[in-house]
2 protein chains.
Amino acid sequence: MSMGSSIHSSKRAPLPRHQRQEPEYVCDVECIHPDLVAKLEKNAIDWETAVELSQIFRVMADPSRLRIISLLGEGELCVCDIASALNMTQSAVSHQMRVLRTSRLVRYRREGRVAWYALDDDHVLKLFTQGLDHLQHTSDEED
Amino acid sequence: MSMGSSIHSSKRAPLPRHQRQEPEYVCDVECIHPDLVAKLEKNAIDWETAVELSQIFRVMADPSRLRIISLLGEGELCVCDIASALNMTQSAVSHQMRVLRTSRLVRYRREGRVAWYALDDDHVLKLFTQGLDHLQHTSDEED
DNA sequence: TTAATATATGAGCATGGGTTCATCTATTCA
DNA sequence: TGAATAGATGAACCCATGCTCATATATTAA
């Protein structure tokens, strides 16, 4: 309350959301338990790490991509087969594969006209499985 | 190619994105490796599961929420302290806490005016940690 | 009761993102 | 060479979402 309270109006250049920077000031919040906060503050991940981590989860945050990942968990597939298996258009799959490629979750090789996609490593599948575990967990205890 | 190919125009009622239903037809994709697809198709997660799973990852797909989660990994905190520690406004934190509450990632108890939030279970933290592992993994092999 | 305080919430804004559609590229085959 | 085919991609549409701002609610204190 005693800290500067009219800094609100100083807007900065609007950044693309996922390159946002940590806000550098607080003006309307008073810390109630400063000792507690001081201790925990150090243990929180920094903003940059949080942004990078959020990008990983963001890729996993779409049902179509998750189904693609679960398909690829079984083996290498081409775009056309993925589209057929998941009832998606070739274009939609291709767009999604780019997202997965860009974020390094899949690798691909070209064989003539056919592009074969596969999971890049098992880290992805671990995340996927862990997510399913959580799903199971929460549906167990639903009221 | 021989299957119905002019069903495209039959648009259905536009659903909220995260209640989307699996498209029921394909009209522009031919399966190249039908045997392969037939085998893998059964192993892919169904649409409903994919949607539920995506909702979990969606909650983890925001830097602010991830920092809140990492803070709460250390112990119970009130809104005010979280806001102070992470340089967020009280309102922004409160909105995020609602998302976390709704998705059952945190539980909270009220003590007078103060609302104490804590992680609901360690599944969340496992996902979080696994994500950090993946981050470490991919930054190791960057070119 | 009145003031102060901790939190919750609705509206509105600006941006993000997944799909379709149209089109382009590259490869294979006749 | 020309047609067919697998895939990639840019534009546009429409919905999702995280924030701010203003305000409401509830609890404590004077």
Side-chain angles (χ1 to χ4, degrees), chain A residues 1 7-20 23 27-33 54-55 58-59 61-68 77-84 86-103 108-117, chain B residues 1 7-20 22-23 27-33 54-55 58-59 61-66 68 77-84 87-102 108-117:
Chain A
M1 259 215 303
I7 322 181
H8 254 317
S9 47
S10 69
K11 294 271 184 185
R12 284 155 304 171
L15 279 170
R17 188 188 294 172
H18 298 114
Q19 294 165 24
R20 283 179 311 193
C27 50
D28 64 344
V29 175
E30 188 76 8
C31 182
I32 311 184
H33 313 91
S54 74
Q55 284 160 354
R58 185 172 310 278
V59 179
D62 177 77
S64 295
R65 282 197 293 270
L66 286 174
R67 295 195 79 204
I68 292 174
L77 282 174
C78 70
V79 172
C80 206
D81 288 342
I82 296 172
S84 168
L86 300 185
N87 279 322
M88 295 174 67
T89 65
Q90 175 269 319
S91 179
V93 172
S94 197
H95 277 294
Q96 293 295 18
M97 296 324 287
R98 187 154 82 124
V99 174
L100 293 169
R101 232 188 306 128
T102 304
S103 53
Y108 90 126
R109 63 187 180 87
R110 199 98 194 201
E111 198 176 81
R113 277 179 296 195
V114 180
W116 293 94
Y117 282 92
Chain B
M1 263 217 295
I7 322 184
H8 252 318
S9 48
S10 70
K11 294 272 183 184
R12 286 155 304 171
L15 279 169
R17 187 188 294 170
H18 300 115
Q19 294 166 24
R20 282 180 312 193
E22 182 178 24
C27 52
D28 64 343
V29 176
E30 188 75 7
C31 182
I32 312 184
H33 312 92
S54 74
Q55 284 160 354
R58 185 174 311 279
V59 180
D62 178 78
S64 296
R65 282 197 293 270
L66 286 174
I68 292 174
L77 282 174
C78 70
V79 172
C80 205
D81 288 342
I82 296 172
S84 168
N87 279 322
M88 296 174 66
T89 65
Q90 174 270 319
S91 179
V93 171
S94 198
H95 277 294
Q96 294 295 17
M97 296 324 286
R98 186 152 82 127
V99 174
L100 293 169
R101 233 189 305 129
T102 303
Y108 90 126
R109 63 188 180 86
R110 199 98 195 199
E111 198 177 81
R113 277 178 296 195
V114 180
W116 292 94
Y117 282 93

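For clarity, every value in this text was computed on a predicted model and none was experimentally measured. Any value given below was found using the heavy atoms of this structure, including those in side chains, with hydrogens, waters and symmetry copies removed. Residue numbers start from 1 in every chain, and the chains themselves are labelled A, B, ... in the order their sequence lines are given, proteins ahead of strands.
- Following rounding to the nearest Å, B/D62 (CG) and C/dT15 (P) show an atom-to-atom distance of 17 Å.
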Identify the pairs formed between an N or O of the protein and an N or O of nucleotides 7-11 of chain C at a distance under 3.5 Å, and give each distance.
from, atom 1, to, atom 2, distance (Å)
C/dT7, OP1, B/V79, N, 3.4
C/dT7, OP1, B/A115, N, 3.3
C/dT7, OP2, B/C80, N, 3.0
C/dA8, OP1, B/Y117, OH, 2.8
C/dA8, OP2, B/S94, OG, 2.8
C/dA8, N7, B/Q90, NE2, 2.9
C/dT9, O4, B/S91, OG, 2.8
C/dG10, O6, B/H95, NE2, 2.8

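- B/T102 contributes a side-chain N or O that, together with a main-chain N or O of B/R98, makes up a donor-acceptor pair within less than 3.5 Å.
- With B/R109 contributing its side chain and B/W116 its backbone, the two residues share no donor-acceptor pair below 3.5 Å.
- The nearest whole Å value for the distance from the CD atom in B/E111 to the C1' atom in D/dA26 is 15 Å.
- At distances below 3.5 Å, at least one donor-acceptor pair connects side-chain atoms of B/R65 with backbone N or O atoms of B/R58.
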Exercise for the section: May I have the step-by-step check of side-chain contact (heavy atoms from CB on, under 4.5 Å) for A/Q90 and A/V79, ending in yes or no? Expected result: CA-CA 7 Å; A/Q90 175 269 319; A/V79 172; 4.2 Å; yes
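- Candidate nucleotides D/dC19, C/dG18, C/dG17 were compared by shortest atom distance to the side chain of A/R58, and C/dG17 ranks first.
- Straight-line distance from the CE atom of A/M88 to the C1' atom of D/dA6: 16 Å, rounded to whole Å.
- Atom pair B/R65:CZ and D/dT17:P shows a separation of 8 Å (rounding to whole Å applied).
- One atom, CG of B/L66, and another, P of D/dG18, lie 11 Å apart when rounded to the nearest Å.
- At distances below 3.5 Å, not a single donor-acceptor pair connects side-chain atoms of A/S84 with backbone N or O atoms of A/C80.
- At the phosphate of C/dT19, OP1 or OP2 sits under 4.0 Å from a side-chain N or O atom of A/Q96.
- Following rounding to the nearest Å, A/L86 (CG) and C/dT19 (C1') show an atom-to-atom distance of 15 Å.
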